Every structure is written in C-alpha cells, then in structure tokens.
Amino acid sequence: MRRVNAGIDRQAATPSARNGYLAALFFLSGMAALIYQVCWQRLLFEAFGVDMESVTIIVSTFMLGLGIGALLGGEVADRLPGQTLTLFAAIELCIAAFGICSPWLIHATGAVAARNSLVTIAAVNFLLLLFPTTLMGATLPILVTHVVRHYRNVGVSIGLLYFANTLGAALGAALTGMLVLYYFGLSTTIYFAAFLNVLVSVTVWTGLRNRRV
Amino acid sequence: MFSFPWWLSLSIGFLSLSEEILWVRAAGFAFETLPFAFAFVLACYLIGIALGAAYGKRLCARVSNLYGAAALVLAAASVADASVPVLIGGLLHENFQYKFLLFALQITVTAGLKSILFPIAHHLGSVAQGTRVGRSVSRIYFGNIIGATLGPLVTGFVALDHLSVDECFALSAAACLLLSMLCVLHSRNWRLIAAPAVAAALLSTFSARIVQPGPGALRVVAVGNKYMTHWASNRHGIVHTVKVNVGDYVFGGNVYDGIAAIDVNVNANRLDRLYLLALLHHQPKRVLSIGMSTGAWIRAVQGFAGVETIDVVEINPAYVDLTRQYPDLAPLLGDPRVHIHIDDGRRWLRRNPDLRYDLVIQNTTYHWRANADNLLSQEYLQNVKAHMAPGAVLTTNATGSFDVLATMAAVFPYAYRYANFGYASDHALVPNLSLLLTLRRPDGEPFSLTNVPMTSVVGLLSVAKLQEAGPFIASRNVDARIITDDNLVTEYRHGRRIGPRWLQALQPATAPEFGLDD
C-alpha cells in the first residue's frame with residue numbers, strides 16, 4: 001500500500017490502486033458505522049428501554065434504514081454516474097453532522113417519546129435513525145457503481161468493498177466495546193466516529209482533486 | 001425484481017441476522033451477560049462476514065458455475081450450523097480453557113460461510129455494464145436488508161419465545177440445506193446433489209442431540225448445572241434455579257439473582273438489608289420495587305405495617321412464573337395490594353411521572369452486567385427521586401460498588417451504606433429497631449427481639465449501623481466516580497474483566513469493591 005501511494009504522488013493512480021485506496025477509506029467508514037451502532041444502541045436503550053421489544057425495534061430500524069439507503073443509493077448512482085465519489089464524500093460529511101448531534105437528539109427525543117405506546121416508540125426510533133442509516137446504506141451501491149467500471153464484475157467489486165467495510169466494522173465494534181468505552185464516555189466515542197467520517201470525506205475530496213480516486 | 005438471486009440474498013440476510021441474535025443469546029449466557037460479550041460476538045461475526053465476502057469475491061472472479069459453488073457453500077453452512085450445539089455441548093465445561101476460541105471460531109465460521117453468498121447473489125442478480133448497474137445492485141442488496149430486518153424480528157420475538165437456542169440453530173441448518181438444494185437445481189449439475197445429501201445425513205445424526213427440551217447445549221455453561229431445578233427461556237432471557245440446602249438459588253442470564261428463601265431466622269438471602277428499610281420509615285403506604293426476582297423480598301414487604309400498595313416492575317415475565325412454583329412465595333401473586341408491571345423499570349418510571357412512593361426498593365443485579373447502569377446512573381436516580389414522597393427512603397443493591405454509593409450521595413442529601421446496599425433519603429436516617437415489632441414475618445408471625453440467632457434478621461438488625469456514604473468512601477481511599485448515562489463506569493471502566501490477558505492489559509485497572517460484612 002505504501003509503495004502504491006508513493007507511486008501516485010508522481011502521477012494519477014492506476015485503477016487497482018484507486019480501488020485499494022477507496023477500499024481503505026470504506027474500511028474507515030465501516031469502522032465509524034459500527035462505533036455509532038454500538039453507542040446509539042446504548043443511548044436508545046437508555047431512552048426507550050432495554051426489553052426485547054425495544055432491542056428488536058432498534059435492530060430492525062437500523063436494517064430498514066440501510067435498506068432504504070441501498071435502494072436510493074443505486075438510483076442516485078445511476079442518475080449521476082460521474083458524481084459517485086462526490087456523493088460518497090458528501091454522505092460521509094452528513095453522517096458526521098448527524099453523529100455530532102446524535103447524543104443530544106436521542107436524549108431529547110427519548111425524554112418526550114418514552115412515555116408513549118410501543119407503536120409510537122417504534123415510529124420515533126425509525127424517524128430518528130432513518131437519516132443516518134439511509135445515508136450509510138447508500139454508500140455501498142454508490143461505491144460499487146464506481147468500482148465496477150474497473151472490474152466489470154459486480155461480484156468482485158461488491159466483494160472487495162464489502163470486505164473492507166465489514167472488516168472496518170468489526171474493528172469498530174471490537175474497539176468500542178472492548179477498549180474505548182473503558183476510557184471514554186459514549187459522547188466522546190461518538191465524536192471520534194464523526195471525526196473518522198470527516199477524515200474519509202476530506203480524503204476523498206482531496207483525492208478527487210489530485211486524481212487519486 | 002424477485003428473481004432467485006434476490007430470494008437467495010434475502011434468505012442469507014435473514015439467516016445471518018437471526019444467527020447474530022442467537023449468538024448474542026448463547027455467548028451472553030456463557031459470558032454472564034457482560035458488556036464484553038456483545039462486543040465480542042459482534043466483532044467475531046463481522047470478521048466472519050468480511051472473510052466470507054472476500055472469499056465470495058474470489059469465487060465470482062474464478063468460478064463459472066456460481067450456483068454450483070453456492071450449493072456447496074450452503075451445504076457446508078448447514079453442517080456448521082447444526083454442529084454448533086453439538087460442539088458447545090460436547091467440548092465446553094466449567095474449566096474449559098478455550099471457551100473464547102471455541103465461540104470465536106464458531107461465530108466466525110457460521111457467519112463467514114453465509115457471507116460468501118453475498119457477492120455471489122449480487123453477481124448473479126445484477127448487471128455489470130450499462131446505465132442500470134447501481135439499480136440492479138441496489139435491488140439485490142435491498143433483498144438482503146429485508147431479510148436482515150425480518151431475521152431479528154422473527155428470531156427475537158417468535159423463535160426464542162418457543163424454541164431453545166439449539167433448535168433455532170437446527171432450523172437455520174435446515175434452511176441452508178433447502179437453499180443448497182435449490183442452488184443445485186439452478187446449477188443443472190446434478191452430481192452436486194451429493195453435497196446437500198451428505199449435509200442432510202449429518203444433520204439427521206446430530207438431530208437426536210439437538211432436539212431436546214430444556215437448556216440443551218447451554219446446560220454445560222449454566223452455573224450449578226448439576227443441581228438445576230428450573231429452566232425458563234423466553235424472548236426476554238433465560239432464568240434458571242439451582243438447588244442448595246437453604247433454598248433455590250436463582251440465576252438470570254446465568255448470573256446470581258437471589259435466593260427463593262424467606263426464613264428470617266436462617267436469613268439465607270440477607271433479608272436484614274430489606275427489613276432495615278422498614279426501620280427507617282414510620283408509616284410507609286406506597287412501596288415500589290424495581291425488579292422482582294423470585295419475589296422473596298416482595299413477600300417480606302407484604303408484612304410491613306400499613307402498606308397499601310406494592311408496585312413491582314419486572315422486565316422478564318419468567319420470574320412471575322417462577323414465583324408460582326414456590327408455595328412460600330406464590331401467595332404474593334394473589335395479594336390485591338401487589339401490582340406487577342412487566343416493563344423496563346426506567347421506562348415505567350418515565351411513563352408514570354405522577355406516582356409517589358414512601359419506600360423504593362432496588363434489589364437489582366450486579367453493577368458490572370450489561371445495561372446495569374440504566375438503573376444506577378445519576379440521571380436514573382434523579383428520576384427515582386422525583387417519584388419519592390417527602391420523607392421517602394430508597395434502597396439500592398450496590399453489589400459492592402463504591403461508584404453506586406458515590407452516585408447516591410451525589411443525588412440525595414443523605415446517603416448511607418449497610419452491608420453491600422445503599423440507602424438514601426431527603427433526611428437523616430436513623431434505624432428504629434422497635435418498628436420491627438409492628439411488622440409481620442413472611443410466615444405471618446410477629447417478630448420477637450429475644451432469643452434469636454446473631455445471623456438472623458433480628459440478630460443482625462440489633463447491631464446494624466448505617467455508615468454515611470461519603471466518609472465510608474473516603475476511608476477506603478478508592479476511585480469512586482459518579483455513574484452517568486454517558487460514562488457507564490460500573491459496566492466498563494470499573495466493571496468485571498474477562499477475555500484474553502493481552503486485552504485486559506490494555507484496559508484500565510478495575511476498582512475495588514466492598515463486601516457484605518466490611
């Protein structure tokens with residue numbers, strides 16, 4: 001990887017180097033996503049309850065948001081084929097913005113909504129998580145649409161990106177639950193995830209300008 | 001839209017997320033519901049998914065008959081799922097050194113095998129060129145997410161309410177087998193039918209071991225499994241009891257949760273900690289108990305003089321069924337003053353902002369368990385305080401945590417420690433032993449202050465002293481922190497440590513605890 005990066009300082013990166021570069025960024029994006037998931041899940045337990053109903057609502061809402069994001073991401077990527085990386089960078093920035101506000105948002109919403117019925121709690125959870133999870137879900141099809149231009153093979157493209165993203169997610173989950181929360185609170189941990197999103201976004205913008213991605 | 005690859009993608013999402021729920025249940029039980037267990041499962045599961053996706057990518061690049069490859073992978077996934085209960089039940093025991101490794105390997109392998117199908121399903125169901133690449137990928141991915149949404153719903157809400165973890169893994173194995181056979185049909189390579197056939201043969205061999213009533217493979221990691229008397233598993237968790245000479249020990253999520261015993265002379269579960277509360281309030285009318293366990297403490301509260309209402313909030317209905325099993329405790333269920341609410345304690349308080357109580361009892365679980373801080377944090381105690389009438393008293397099982405005492409002292413003007421409990425109020429507390437004579441014992445008899453063993457409730461209360469929380473903490477020179485919803489200090493920083501030594505070396509030092517008789 002170091003050798004590849006050294007090369008791209010002098011000239012535009014080769015397609016495979018670009019994909020490796022993107023995979024590394026998607027690794028960080030996945031890491032941030034799981035840091036959020038672990039912390040948000042905990043904040044939502046505090047706000048709405050920790051019984052099986054709440055747990056299931058939270059997990060399902062996460063997945064549903066990712067699904068809607070997946071559909072929208074593919075649609076947008078096809079309509080703006082030349083803008084896929086710009087979209088990705090903008091999405092990462094939006095996730096960071098939500099992340100920074102999320103501890104306050106979840107506490108404030110929970111204070112109002114927890115007194116209501118399970119249906120209301122489910123609806124509130126869904127609305128709360130819809131924005132960030134849709135954005136997270138959109139990133140994979142957007143990046144696959146970009147990378148498949150090089151590989152001409154959907155399986156290879158999605159395999160590469162999914163591998164990188166999920167490996168980052170695994171590291172994010174492990175770091176959060178086994179180390180970071182032993183030293184820092186939930187808010188600080190969330191801000192660290194937001195920093196990762198900003199880092200990814202800025203790197204993509206910079207990379208676009210320098211023709212690295 | 002609804003092509004076979006779409007359904008394959010959906011099925012894989014369903015089975016993968018269902019299995020995550022099963023692993024959280026199984027590993028949570030094996031690792032005493034420590035917060036570590038959830039992170040451990042999630043990390044191993046995601047590593048499996050990542051490795052599976054990477055291998056799937058290789059297959060997409062090198063194999064022409066991907067349906068055939070999928071059939072083989074799914075047959076292997078079926079065998080892996082079915083072998084989970086067999087390996088856990090066969091290899092694990094109390095002193096098994098490689099518990100983490102066994103769980104890590106099984107979680108990674110079962111998740112990884114299914115994840116191989118993820119790129120394959122996308123490859124088979126999407127177009128690689130043209131203007132619809134994004135849409136075609138999205139649709140297959142969306143199918144996967146639909147399955148991943150339904151998986152936790154069906155498994156968490158329905159399957160775990162009726163089936164054991166073993167049986168759920170067996171169902172997952174059967175589903176993989178069915179998918180494998182469907183892939184053979186699509187591959188048109190009939191020789192491949194041998195793979196699901198071998199898997200089916202192994203599955204039928206394992207089935208006798210898997211489909212058994214009760215705890216199944218989890219029995220081997222259940223505390224006190226040799227003397228188990230009850231086992232209740234539902235979607236809320238697992239409760240089991242173990243026979244000992246003083247009464248049944250109760251375990252929630254494999255963690256000690258009290259004793260089903262109410263003899264005030266034997267005093268097996270230190271009822272003096274509860275009766276001390278009765279000595280601190282002259283006329284308690286309304287009592288709130290967050291948590292119920294076997295109901296032994298509620299049974300004792302029934303004998304408090306003048307009590308008109310006892311609200312009990314319990315998250316797991318299995319405890320109510322358990323109480324019914326014990327003739328000494330069951331009468332509390334027929335008492336019109338006792339109202340049992342199946343709900344999350346924290347949420348129930350928020351939903352009932354106008355209720356006020358004279359006594360609040362929190363005989364809650366160990367401070368190091370996952371989500372324990374939801375019932376110990378400063379924010380939560382402030383909410384409890386808002387539900388306390390003037391002069392009311394709160395008692396919380398601090399389970400030896402200095403942080404719990406420090407938090408009580410931060411929220412209440414007066415906070416004390418007795419045994420491993422904390423007591424708090426808006427006024428100075430002084431026990432009045434004579435109030436014991438106004439109470440009835442759980443067996444209906446009055447208390448006597450003479451001729452009692454020193455370890456009995458009366459014996460211990462006759463010498464009981466409340467120690468002020470602040471000076472007590474200062475005298476021990478410990479790092480006691482105020483627990484907040486943000487720092488979760490008793491679960492993480494000062495929580496119990498398990499896991500590999502190298503990992504523990506990276507974590508901060510644990511905090512000391514105080515004992516029952518310090």
Side-chain angles (χ1 to χ4, degrees), chain A residues 34 38 42-43 45-46 48-52 54-56 59-60 63-64 66-67 70-78 81 103 107 111 114-115 137 140-142 144-145 148 152-156 158-160 162-164 166-167 169-171 173-174 176-179 181-183 185-187, chain B residues 17 35-36 38-40 42-43 46-47 49-50 53-54 56-57 59-61 118-120 122-123 126 128-129 131-139 141-142 145-146 148-149 152-153 156-157 235-236 315 343-344 346-347 350-351 353 371 374 484-488 492-493 499 503 506-508:
Chain A
L34 257 286
V38 171
R42 186 52 204 247
L43 286 171
F45 286 165
E46 289 171 359
F48 298 103
V50 75
D51 53 342
M52 195 60 202
S54 296
V55 174
T56 312
V59 172
S60 300
M63 300 315 297
L64 208 59
L66 290 175
L71 278 182
L72 290 176
E75 192 72 32
V76 173
D78 282 349
H107 277 305
R115 295 174 192 178
L140 183 71
I142 286 174
V144 169
T145 310
V148 83
R152 302 277 172 199
N153 182 314
V154 172
V156 171
I158 205 165
L160 169 77
Y162 198 59
F163 168 72
T166 316
L167 206 61
L171 186 65
T176 309
M178 297 178 185
L179 210 58
L181 285 176
Y182 286 81
Y183 288 96
L186 289 169
S187 304
Chain B
L17 263 286
F36 173 89
F38 176 67
F40 171 75
L42 203 54
L46 289 167
I47 287 170
I49 299 243
K57 174 193 164 220
L59 290 178
C60 287
F118 184 80
I120 291 178
H122 281 79
H123 187 81
S126 311
Q129 291 178 49
T131 56
R132 299 184 65 82
V133 176
R135 288 187 192 97
S136 65
V137 169
S138 283
R139 281 174 189 163
Y141 186 36
F142 184 66
I145 301 272
I146 293 277
T149 308
L153 277 173
F157 259 107
R235 66 177 189 264
H236 303 282
I315 202 164
D343 204 343
D344 175 273
R346 189 176 167 116
R347 187 174 61 200
R350 277 189 178 171
R351 281 179 169 169
N371 302 310
N374 282 7
T484 67
D485 283 351
D486 194 69
N487 69 20
L488 310 173
Y492 290 97
R493 190 178 187 92
L503 179 64
L506 294 173
Q507 295 165 344

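A quick note: this is a predicted structure, and the numbers were derived from the prediction, not measured. Each chain gets a letter, A, B and so on, in the order the sequences are listed, and its residues count up from 1.
Contact of B:Phe38 with chain A is made through the side chain alone, with heavy-atom distances under 4.5 Å. For chain B, the nearby part of A:Ala111 is the backbone; its heavy atoms alone come within less than 4.5 Å. Proximity to chain B is limited to the side chain of A:Val38, based on heavy atoms less than 4.5 angstrom apart. Contacts between A:Leu140 and chain B at a heavy-atom distance below 4.5 Å involve the side chain alone, from C-beta outward. Contacts of A:Leu171 with chain B are absent, with no heavy-atom separation under 4.5 Å from either backbone or side chain. Proximity to chain A is limited to the side chain of B:Leu488, based on heavy atoms less than 4.5 angstrom apart.
Contact record, A:Ala170 with B:Ile47: CB-CG1, 3.6 Å, taken as the closest heavy-atom pair. When all heavy atoms of B:Leu506 and A:Tyr183 are compared, the closest pair comes out as O-OH, 2.6 Å. Here the closest heavy-atom approach between residue B:Ala39 and residue A:Ala173 is recorded as CB-O, 4.0 Å.
Taking the six-membered ring where the residue is Trp, B:Phe118 and A:Tyr162 present parallel rings, their angle staying beneath 30° rather than reaching 60°.
With chain B as the partner, the residue from A:Val144, A:Leu167, A:Leu160 showing the most heavy-atom pairs under 4.5 Å is A:Leu160. Ranked by heavy-atom pairs shorter than 4.5 Å toward chain B, the options A:Val76, A:Thr176, A:Leu64 are led by A:Leu64. Of the listed residues (B:Pro119, B:Cys60, B:Ala50), the greatest number of heavy-atom pairs within a distance under 4.5 Å of chain A belongs to B:Ala50. Among B:His123, B:Arg235, B:Arg493, the residue with the largest count of heavy-atom pairs under 4.5 Å with chain A is B:His123. Between chain A and the options B:Leu503, B:Leu46, B:Thr484, heavy-atom pairs under 4.5 Å are most frequent for B:Leu46.
Checked against side chain to side chain contact (heavy atoms under 4.5 Å, CB included), B:Asp344 has the following partners two or more places apart in sequence or in another chain: A:Val50, B:Ile315, B:Arg346, B:Arg347. For B:Ala148, the side chain to side chain contact (heavy atoms under 4.5 Å, CB included) partners two or more places apart in sequence, or in a different chain, are A:Met63, B:Leu17.
Considering B:Asn374, B:Asp486, B:Asp485 in turn, B:Asn374 is the only one that fulfils the side-chain hydrogen bond (donor to acceptor under 3.5 Å, both in side chains) rule with A:Arg42.
The CG atom of A:Asp78 sits 4.5 Å away from atom CZ of B:Arg135, with the distance rounded to the nearest 0.5 Å. Note: A:Ile158 CD1 to B:Tyr141 OH = 7.5 Å, rounded to the nearest 0.5 Å. The OH atom of B:Tyr492 lies 12.0 Å from the CG atom of A:Leu179; values are rounded to the nearest 0.5 Å.
Within the 3.5 Å criterion, the main-chain N or O of A:Gly74 finds a donor-acceptor partner in the side chain of B:Ser138. A donor-acceptor contact shorter than 3.5 Å links the side chain of B:Gln507 to the backbone of A:Met178.
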